[in-house]
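Per chain, numbering begins at 1; letters A, B, ... match sequence-line order. Quick note: numbers below take in every heavy atom, side chains included, and nothing from hydrogens, waters or symmetry partners. The structure presented is a predicted model; accordingly, all values stated were derived computationally and were not measured.
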Amino acid sequence: MRLNSQRKKTNQIADTREPMELNELEKVRLQKVQELAEKGISAYPTRSFITTTIKDACAAFEKAEAEGQPSPEVTIAGRMRSLRVMGKLAFTHIEDGSGRIQLFLRINELGDQLQFFKDYFDIGDFIEAAGTVTRTRTGEISLQVTSIRMLSKAISPLPAEKEEVVDGVTIRHTALTDPEIRYRQRYADLVVNPEVRNIFRTRAKIVSALREFLDGHDFLEVETPVLQPIYGGAAAKPFVTHHNQLHQDLYLRISFELYLKRLLVGGLDRVYEIGRDFRNEGVSFKHNPEFTQLEFYCAYFDYLKVMDFTEEMIRFAAEKALGTTKIKYGEIEFDLSQPWRRVNMREGILEKTGIDISKYETSEALEAVMKEKGIKVKPGMQRGKLIDQLVSDFLEPTFLQPTFLYDYPWEISPLAKRKPDDPTTTERFEGYLAGMEICNAFTELNDPIDQETRFIEMGRTYSEEDEEHNPIDEDYLRAMRYGMPPNGGFGMGIDRLTMLFTNKSTIREVLLFPHLRDRDQAQSEEIE
RNA sequence: GGGCGUAUAGCUCAAUGGUAGAGCAGUGGCCUUUUAAGCCAUUUGUUUUGGGUUCGAGUCCCAAUACGCUCACCA
């Protein structure tokens with residue numbers, strides 16, 4: 001039922017679809033496509049005959065120039081990004097994935113083809129040009145074009161981009177700035193705003209640096225199910241889906257944790273996974289419904305070893321992705337080559353609020369003292385949640401420099417091992433950079449009896465309807481009963497790390513296709 | 001979900017309640033070293049949508065939608 005109604009909303013039936021309405025500019029360009037076809041020229045030919053990339057063509061020219069050799073003859077291709085036509089000559093810049101070069105078109109070399117170019121070629125088109133690389137009078141490396149071909153005609157004009165370089169600073173006179181269009185039409189954003197492409201190059205470098213680091217420490221990269229019959233490993237509401245043939249409801253995973261730790265039982269001592277988690281919750285500048293997570297588990301590590309390892313890994317990622325460990329995030333600067341501050345949660349809260357949480361063992365007692373101190377509390381919160389609130393109100397905002405906050409109350413850490421000398425506290429830490437929570441780790445609970453007790457306890461604290469109420473994963477308990485090595489586990493949001501490394505204030509900037517409301521759906525819902 | 005803000009030409013933006021404009025892009029013309037090329041001419045609008053107030057609404061009011069900021073939610 002649910003799926004049917006969704007399908008109705010989002011998919012247009014193909015045979016009832018009207019042809020796309022084109023604006024005047026698009027009609028003019030479509031007309032050019034048709035006129036070319038009448039001449040027997042395809043605006044979308046099947047093959048290109050390039051001999052090199054733009055970057056390599058420029059490099060070859062500079063080498064030949066330095067050695068006094070003749071200029072290279074090349075065939076290159078790219079998207080037209082600027083156009084200046086003047087009578088019997090024209091200049092245009094084309095851009096491929098490697099770079100940008102100016103084309104210099106003269107009637108002397110091109111003859112009739114110059115008029116052909118002026119009649120049918122527009123900014124945004126992909127074109128192929130053959131010729132000799134030279135310098136123009138102003139010294140700019142340019143291709144002196146002897147023949148030119150259309151490779152792919154752009155019907156829709158790109159959002160206009162005009163650039164001027166003054167004293168080495170690029171001034172963009174008009175650009176695509178509306179965030180809604182930028183995210184909905186990311187392809188246009190990427191074409192017109194080159195710095196956006198760099199965000200995703202950096203992101204890719206971060207991910208491959210993390211892989212390199214973990215692979216180098218003998219970790220095995222694995223893949224575990226995204227579709228899960230039982231969700232768990234985090235307190236979050238899941239997305240629900242359905243397998244038709246099996247008549248089975250399935251959840252999109254909210255974490256990888258329970259599957260990865262099953263692998264430790266199986267003898268894979270060091271495992272990690274980089275992949276997508278899905279949480280059916282609010283969207284904000286640091287929350288997207290699907291996000292990329294790194295989790296690793298390492299046998300015979302405890303949370304202190306994980307802390308050291310985390311420092312090393314994030315420093316490595318910064319060096320590889322940015323070439324520096326010094327990060328500037330807005331007004332905040334920090335250096336990842338330095339050890340992180342380590343703050344004990346009880347001591348941290350005591351210092352900031354004067355409340356010693358170890359002296360208030362029930363939620364009632366803690367709530368009372370918080371009220372006494374003038375802290376606003378929602379009535380009926382559990383002790384763990386109250387402590388969580390103290391952390392986010394009084395500690396988190398102070399963690400601008402790299403900080404580990406450690407030793408969390410057991411109530412909000414059902415998968416973490418208790419401290420040997422204090423069963424109300426677990427060996428857990430979260431890492432903070434620039435005030436933002438970036439990772440979460442603990443000495444993993446491997447005692448199947450304690451784990452079972454905690455699952456049952458957790459069940460009591462949530463009502464049946466509460467979607468954060470995880471069903472007990474009996475198979476996970478069975479796995480643990482076979483014996484799980486002591487181990488340290490770790491989870492980190494790749495999107496947030498990318499935000500920090502690229503100095504972006506919203507998660508949407510570091511996601512190629514961030515989740516946005518569906519406009520068509522809103523309209524068809526009204527019709528229904 | 002709550003609060004605040006924004007929505008005008010393909011793009012970036014103007015317009016005191018009184019004929020909806022500019023630059024760029026487009027189209028036509030001139031132009032053999034330009035790079036925001038230049039010069040001349042010229043086209044482009046359901047002012048997001050639906051109501052209301054008014055002689056008259058892009059502008060004021062109400063509602064809807066989307067986006068932004070923010071709060072809530074978020075181990």
Side-chain angles (χ1 to χ4, degrees), chain A residues 22-29 31-32 81-93 100 102-110 114 119 122-124 134-140 142 144 155-166 170-184 188 192 232-237 254-255 257 279-289 291 378 382 384-385 387-388 391-392 408-416 426 428 430 437 440-442 458 467-468 470 491 505-506 508 514 516-523 525-526:
Chain A
L22 297 181
N23 65 36
E24 283 306 310
L25 275 64
E26 291 168 330
K27 282 176 187 160
V28 167
R29 290 181 173 208
Q31 180 67 28
K32 291 180 180 178
R81 296 304 307 276
S82 69
L83 179 59
R84 295 172 295 284
V85 177
M86 45 206 72
K88 298 188 176 64
L89 79 162
F91 296 92
T92 175
H93 278 93
R100 198 184 267 222
Q102 177 170 263
L103 304 187
F104 178 29
L105 301 98
R106 288 199 310 179
I107 201 161
N108 310 36
E109 288 81 25
L110 280 163
L114 184 67
D119 287 343
D122 294 292
I123 291 174
T134 58
R135 280 188 198 276
T136 56
R137 261 176 222 172
T138 54
E140 178 168 350
S142 305
Q144 177 112 33
I155 302 295
S156 302
L158 288 169
E161 186 224 283
K162 280 270 178 179
E163 286 177 357
E164 174 186 23
V165 180
V166 177
T170 301
I171 299 168
R172 202 158 299 145
H173 293 276
T174 59
L176 177 60
T177 54
D178 179 348
E180 179 172 359
I181 300 174
R182 285 190 49 229
Y183 299 145
R184 283 193 198 277
V192 169
K237 295 170 193 159
I254 57 172
S255 85
E257 173 148 8
R279 296 188 182 175
N280 206 339
E281 286 167 353
V283 176
S284 80
F285 74 94
K286 52 180 173 176
H287 297 273
N288 195 64
F291 62 98
K378 266 197 278 173
Q382 309 149 42
K385 295 259 179 189
I387 294 171
D388 214 33
V391 168
S392 41
Y408 277 60
W410 73 277
E411 295 98 322
I412 53 171
S413 315
L415 299 164
T426 60
R428 171 180 172 190
E430 290 192 356
E437 179 197 331
N440 181 20
F442 24 92
M458 285 291 288
E467 283 180 285
E468 285 179 28
N470 298 10
S505 58
T506 99
R508 289 180 167 181
L516 299 174
R517 269 174 226 267
D518 185 348
R519 296 200 129 168
D520 296 339
Q521 183 181 318
Q523 283 167 5
E525 252 171 352
E526 272 173 48

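- Within 3.5 Å, no donor on the side chain of Ser82(A) pairs with an acceptor on the base of rU35(B), nor the reverse.
- Scanning for salt bridge (Lys or Arg N to Asp or Glu O under 4.0 Å) contacts around Arg508(A) gives an empty result, with sequence neighbours left out.
- Side-chain contact between Arg100(A) and Arg81(A): present, with at least one pair of heavy atoms (C-beta onward) separated by less than 4.5 Å.
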Atom pairs under 3.5 Å: protein N/O with N/O of nucleotides 28-31 of chain B:
unit_1, atom_1, unit_2, atom_2, d
rC31(B), N3, Gly87(A), N, 3.0
rC31(B), N4, Gly87(A), N, 3.1

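- With sequence neighbours left out, the ring pair (Phe, Tyr, Trp, His ring centres under 6.0 Å) criterion links Phe442(A) to no other residue.
- Within the 4.0 angstrom heavy-atom criterion, only backbone atoms of the sugar-phosphate kind lie near Arg428(A); the bases stay farther away.
- Taking only side-chain atoms of Arg106(A), from C-beta outward, the nucleotide of rC67(B), rU35(B), rU33(B) with the closest atom is rU33(B).
- At least one side-chain nitrogen or oxygen of Lys32(A) sits closer than 4.0 Å to the OP1 or OP2 atom of rU27(B).
- When heavy atoms are screened at a 4.0 angstrom cut-off, Asp388(A) is found touching no nucleic acid atom at all.
- Among the protein residues, Phe104(A) comes within range of the nucleic acid bases, having at least one heavy atom under 4.0 Å from a base atom.
- For Phe91(A), the ring pair (Phe, Tyr, Trp, His ring centres under 6.0 Å) partners two or more places apart in sequence, or in a different chain, are Phe104(A).
- For Arg84(A), there are no salt bridge (Lys or Arg N to Asp or Glu O under 4.0 Å) partners at least two apart in sequence or on another chain.
- Under the salt bridge (Lys or Arg N to Asp or Glu O under 4.0 Å) criterion, Glu140(A) pairs with no residue at all, not counting sequence neighbours.
- Below the 3.5 angstrom threshold, one finds no donor paired with an acceptor across the side chain of Glu140(A) and the base of rU34(B).
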